[in-house]
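Below is one structure; the comments refer to it alone.
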Amino acid sequence: MNSNDAPRTAEQRTTIPSTGPGRRRRVPAALIAGLAAAACATAARGAAPASAAPASAAEAPRATATTGTCPPFDLGVLPGGTMSEAYDINLFDVSVGVSTAAFEPRYFRAARWSPGGRATDLGTLPGGNASTARSIDALGFVAGDSNAGTGDGVSATRAVVWDPLGRIHQLAVPPDTTSSTASRVGPTAIVIGRADAPAHRYALRWNAFGRLTVLPDLPGTAGSVANALNAAGVVVGASVVGAARSPGVAVRWSTTGRLQVLDAPVGATSSVATGVNDSGTAVGTASFAGEETRAVRWDSRGHVHSLGTLPGGDRSTASAVNGRGTVIGASNSTPGGPLVAVMWDSFGRIIPLATLGAGSTVVDINERGYMAGYVQPTDAVLPVAARWSPSGALTRLGVFAGGDEDGIGTAIAPDNTVAGYASDPNEDNHAVLWKPAGCGR
C-alpha cells in the first residue's frame, strides 16, 4: 500500500494520545510444560500492583450492522471507552491490544479479549495511565509496555509482561535506560524487546522467569534491535548505526546469546532480519545504493539468498517466514512503483497475492500458510481487511456498515481467525475478529 492509501489510526481520528501498536508477527505456539510451569514463571516474576485492578468488563454496546461476505465480530471496548484495536491473537483465539476506558484523561490501556468478546483491562504500572498489549502466547503471557506516573500517557514507557492471571510485572532493563518496551512473547514465554538510552539502543531478551539478557552489539555501532524470535529463543534483528539508529547489519543471536553476523548480498549497503522460523531460517531485507531493496532469506548457517522482485521491479521486502518456509513481504513491478503484497514459496518462487485492484499489505502468516493484512479497493477511499489462502487467493473481510467501512487485519490464528480492527458506525476503531465459519476456512 502506498502512503496515500495508509489506514487512519485511532490517533488520527481523535486527539487521544496513544502508545500505538508495535510491529508484530504472531508465532503459532504449542503449549509448553502445562500451566504448572506458567505458575512457576508467574511466581518468579514477582507481581507489581496495577494502578487499577484488572477486571473483566461488563458487556459493552457492539456494532452489529455489517457489509461484506465475512462479517466482523465486534470485540467491543473497555467500560466507558469508545475505541479499541486488536494487535495479536493466540492459539485459543484470545486477542490483545488497546482500548480507551472510563479514565481521565482517556489514554489507551492494554486490553485482552476472550474469543467471545469479554474484555479485561490489564491495567498499568503504579502511577501510570497508559499501556499497550502487543503480543500474546498460548499460555496467556502478554508482552507490552506501560508508563508509570509520567502523566502524559506516552513518554517513559517501561517494558512489562502480564501473566495469565492478568498481573503486571515490570521487566529489568539496563540502568541507563530512559524508555523500554517488550515487543514479542514467544511460544515458551521468552520475551524480546528493546531499551533506549541517551546514546545507545539495547536489544533485550527475558526468559520465562523474567531474567534479562542484554544481547551483544557489533563493535562501533549505536546498539541493536531485536525483531523476531522462534520457539527455541533464537532472536534476529540488526545492528543500528548513527544518531537515527538506522539498520546497519542483519544479525542473529543464539539461545545462549552468541552474536552472529548474517551474510549480505554483494553490493548491499545495509540489511535487517525481521523474521525467523523454528528451523532457524531467517528473512529480511537488504538495501542497495539508491532506493533499491531486496527481500532475502538466510539459512541456519547465515548464508544469504536473494528472493528477488516481481518482473520489472526494483524493490522488495520480506517480513516473516513460517515453518513451511513460506515467506511474506512486498514487491513492486516497475522501477520506483508502489509495493504490493507477495509471498515466496519454499523454493523461492515469488507469487503476487490477489488484490482488489489497488494497493495491498500482508502482515502475518500462520503455519498452514494462510495470511492476513489489508487491501485497497479501487472503488473505496480506505482499505479493508483481507485474508489470503496458501495459494494467494483473497477473501475480502467484512466491515461495519454506516461508518468509514474500513478494516485492518493485524494477526491470524492457527484456525485462520483474523484479528484486527474496523470502523464502527460512529467512525471509531473497534477491535474485531473475523472468524472462519461462514466465510470459507
Side-chain angles (χ1 to χ4, degrees), residues 22-25 27 134-135 143 159 173-174 177 179-184 186 190-197 199-206 213-230 232-277 280-307 315-321 327-330 339 363:
R23 187 182 167 283
R24 32 114 339 268
R25 169 187 174 262
V27 181
R134 302 180 183 276
S135 176
V173 294
T177 294
S179 66
S180 59
T181 186
S183 55
R184 315 269 179 89
I190 297 172
V191 175
I192 61 171
R194 78 172 194 226
D196 286 319
H200 199 81
R201 173 164 290 172
Y202 295 98
L204 307 176
R205 181 175 62 197
W206 298 270
T213 297
V214 178
L215 299 172
D217 305 317
L218 289 174
T221 65
S224 306
V225 59
N227 289 325
L229 78 165
N230 66 14
V234 173
V235 179
V236 298
S239 65
V240 295
V241 295
R245 296 175 182 172
S246 303
V249 177
V251 298
R252 175 164 50 201
W253 293 274
S254 71
T255 56
T256 61
R258 181 176 61 86
L259 176 67
Q260 176 189 15
V261 176
L262 300 177
D263 290 346
V266 174
T269 57
S270 65
S271 57
V272 57
T274 51
V276 61
N277 67 15
T281 298
V283 297
T285 303
S287 298
F288 298 82
E291 298 295 324
E292 288 195 14
T293 62
R294 290 293 184 275
V296 294
R297 178 171 58 200
W298 293 275
D299 63 25
S300 59
R301 295 172 295 176
H303 298 157
V304 69
H305 172 71
S306 177
L307 293 172
R315 295 175 60 206
S316 62
T317 62
S319 56
V321 58
V327 179
I328 59 171
L339 298 172
V363 298

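Excluded from the calculations below are hydrogen atoms, water molecules and symmetry mates; all remaining heavy atoms, backbone and side chain alike, are included.
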> Does any non-hydrogen side-chain atom of L307 lie less than 4.5 Å from one of R294?
Replying inline: no

> Any idea which heavy atoms bring S239 and T221 closest together, and the distance?
Replying inline: CB-CG2, 4.0 Å

> Is there a side-chain contact (heavy atoms from CB on, under 4.5 Å) between L229 and V234 once you walk through the steps?
Replying inline: CA-CA 5 Å; L229 78 165; V234 173; over 6 Å; no

>> Within the 4.5 Å heavy-atom criterion, are P265 and F288 side-chain neighbours or not?
In response: yes

> Which atom pair, heavy atoms only, marks the closest approach of A286 to A268?
Replying inline: CB-CB, 4.2 Å

> Any idea which heavy atoms bring V261 and V249 closest together, and the distance?
Replying inline: CG1-CG1, 3.5 Å

>> I'd like to check D299 versus R297 (side-chain heavy atoms, cut-off strictly below 4.5 Å). Are they in contact?
In response: no

>> Check whether R184 reaches the backbone of A143 with its side chain - one donor and one acceptor, N or O, closer than 3.5 Å.
In response: no

> What residue among L262, V225, L259 forms side-chain contact (heavy atoms from CB on, under 4.5 Å) with V251?
Replying inline: L259

> Tell me, do V214 and L204 make a side-chain contact under 4.5 Å, heavy atoms counted?
Replying inline: yes

>> Keeping R252 on the side-chain end and G280 on the backbone end, is there a donor-acceptor pair under 3.5 Å?
In response: yes

> Do the non-hydrogen side-chain atoms of D196 and R194 ever get within less than 4.5 Å of each other?
Replying inline: yes

> Yes or no on side-chain contact (heavy atoms from CB on, under 4.5 Å) for V283 and S319, after CA distance, side-chain angles and deciding distance?
Replying inline: CA-CA 7 Å; V283 297; S319 56; over 6 Å; no

> With no hydrogens and no angle check, do the side chains of S254 and T256 hold a donor and an acceptor under 3.5 Å apart?
Replying inline: yes

> If you look at every heavy atom in V236 and W253, which pair is closest and at what distance?
Replying inline: C-CZ3, 4.1 Å

>> If you compare all heavy atoms of A318 against all heavy atoms of G284, which two are closest, and at what distance to 0.1 Å?
In response: CB-O, 3.4 Å

>> Given 3.5 Å as the limit, does a donor-acceptor pair link the side chain of T255 with the main chain of G233, or not?
In response: no

>> If you compare all heavy atoms of N230 against all heavy atoms of N277, which two are closest, and at what distance to 0.1 Å?
In response: ND2-O, 3.0 Å

>> For T317, is there any backbone N or O sitting under 3.5 Å from a side-chain donor or acceptor partner on T293?
In response: no

> Under 3.5 Å, is there a donor-acceptor pair between the D217 and S224 side chains?
Replying inline: yes

> Does V235 offer a backbone N or O that forms a donor-acceptor pair with the side chain of R205 under 3.5 Å?
Replying inline: no

> Looking at CZ of R201 and OG1 of T177, how far apart are the two atoms once the value is rounded to the nearest 0.5 Å?
Replying inline: 11.5 Å

